[in-house]
Amino acid sequence: MARLGFISLLVLFHVVYLVGKADSTPPRHSSSTKFIKASCRETQYPALCVQCLAGYARSIRQSERQLAQTALAVSLSRVRKAESFVAKLTKVRGIKPREYRAVKDCIENMGDGVDQLGQPMRELGHTGRAFGQEFMWHMSNVQTWVSAALTDETTCLDGFSGRLMDGNIKVSIRRRVNNVAQVTSNALALVNRFTTKHRAAAAAKDP
């Protein structure tokens with residue numbers, strides 16, 4: 001069990017490393033890029049999906065699993081950056097007490113989102129040799145955690161509702177959080193796609 005946990009961490013670190021490296025890698029017009037574009041059409045924000053994932057075409061190739069895992073890694077990276085960005089806003093000069101409280105609540109929600117997204121990446125690593133009900137059990141866990149992360153992200157904005165909270169801090173956080181939520185929404189859609197494709201392939205082999 002400990003060995004499985006260690007292997008899962010290696011997979012997680014490898015994918016996150018690829019995410020950091022691909023920021024400077026220009027997308028190539030290849031079958032892999034076409035695969036990413038076709039897959040992204042099933043997301044709610046297809047243009048953003050392609051923008052986030054095209055740089056990883058070389059590692060994704062045409063793997064549904066790798067596509068879903070990379071999308072989760074990108075989402076996790078975005079949430080971490082958003083959490084860091086929001087944390088800096090607590091030190092903005094002239095911040096009002098109610099803004100400060102809302103920012104602190106948002107930081108907590110973002111932290112929860114980081115935890116929630118770390119879980120499905122590890123869980124997805126356990127699906128390599130899983131089939132049937134075992135595979136579906138793992139994927140159900142992945143879907144639950146990603147959905148929870150999406151809820152945490154959008155909940156971050158709850159503390160800024162109403163005109164009294166209008167201002168630069170609210171605008172800055174809303175822009176960042178909306179982007180993160182869209183990326184996570186796309187990741188969830190690609191996780192769902194992977195689940196559906198895997199189930200269909202299994203059914204075709206064993207009618």
Exercise: identify the closest heavy-atom pair between Q143 and L188: O-CD1, 4.0 Å
Beyond-backbone contact of S77 with K81, side-chain heavy atoms, under 4.5 angstrom: yes
Going by heavy atoms in the side chains, are L53 and V74 under 4.5 Å from each other? yes
Does the side chain of S32 come under 3.5 Å of the side chain of Q62 through a donor N or O and an acceptor N or O? no
Can I get a per-line list of side-chain donor-acceptor pairs under 3.5 Å for residues 148-164, giving both atom names and the distance, sequence neighbours left out?
from : atom 1 : to   : atom 2 : distance (Å)
T151 : OG1    : S147 : O      : 3.1
E153 : OE1    : T184 : OG1    : 3.0
E153 : OE2    : T184 : OG1    : 2.9
T154 : OG1    : L150 : O      : 3.2
T154 : OG1    : T151 : O      : 3.1
T155 : OG1    : T151 : O      : 2.6
S161 : OG     : D158 : O      : 3.1

Main-chain N/O of A181 paired to S185 side chain as donor or acceptor, under 3.5 Å: no
In chain order, what residues pass the side chain to side chain donor-acceptor pair (under 3.5 Å) check against R65, with sequence neighbours excluded? T127
Rounded to the nearest 0.5 Å, what's the gap from CG on L124 to CE on M139? Could you check? 5.5 Å
Roughly how far, to the nearest 0.5 Å, is the CG atom of L72 from the CZ atom of F194? 10.5 Å
Taking only residues two or more places apart in sequence or in another chain, which ones pass side chain to side chain donor-acceptor pair (under 3.5 Å) with N179? R78
Would the number of heavy atoms belonging to other residues, nucleotides or ligands and lying under 6.0 Å from CG of N168 be above 12? no
Indicate if V50 and Y45 have the same hydrophobic cluster label, given that clusters are the connected sets of ILVMFWY residues with side-chain heavy-atom separations under 4.5 angstrom. no
How many angstroms lie between atom CG of L89 and atom NZ of K170, to the nearest 0.5 angstrom? 14.5 Å
At what distance, to the nearest 0.5 angstrom, does SG of C49 lie from CG of L190? 4.5 Å
Starting from V177, can I reach V171 by hopping between I/L/V/M/F/W/Y residues whose side chains sit under 4.5 Å apart? no
Any S39 side-chain heavy atom under 4.5 Å of I36 side chain: no
Who are the salt bridge (Lys or Arg N to Asp or Glu O under 4.0 Å) partners of E64, not counting sequence neighbours? R193
Which pairs of donor and acceptor atoms, one on a side chain in residues 105-114, lie under 3.5 Å apart (sequence neighbours left out)?
from : atom 1 : to   : atom 2 : distance (Å)
N109 : ND2    : D105 : O      : 3.2

Which distance, rounded to the nearest 0.5 Å, do you find between the OG1 of T195 and the NE2 of H138? 12.0 Å
Between F35 and S63, is there a side-chain heavy-atom distance shorter than 4.5 Å? no
What is the minimum heavy-atom distance between Y100 and T90, and which atoms define it? CE1-CB, 3.7 Å
Hey, are N186 and Q44 close enough side-chain-wise for a donor-acceptor pair under 3.5 Å? no
Just verifying a value: how many Å separate W145 CH2 and Q119 CD, rounded to the nearest 0.5 Å? 4.5 Å
Quick one: does any side-chain atom of T70 pair with a main-chain N or O of L67 as donor and acceptor, under 3.5 Å? no
By the salt bridge (charged side-chain N to carboxylate O under 4.0 Å, His left out) test, which pairs, at least two apart or in different chains, include something from residues 88-98? none
For the student: nearest non-hydrogen atoms of S75 and V183, plus distance: CA-CG1, 3.8 Å
Under 3.5 Å, side chain of Q69 to main-chain N/O of M121, donor-acceptor pair present? yes
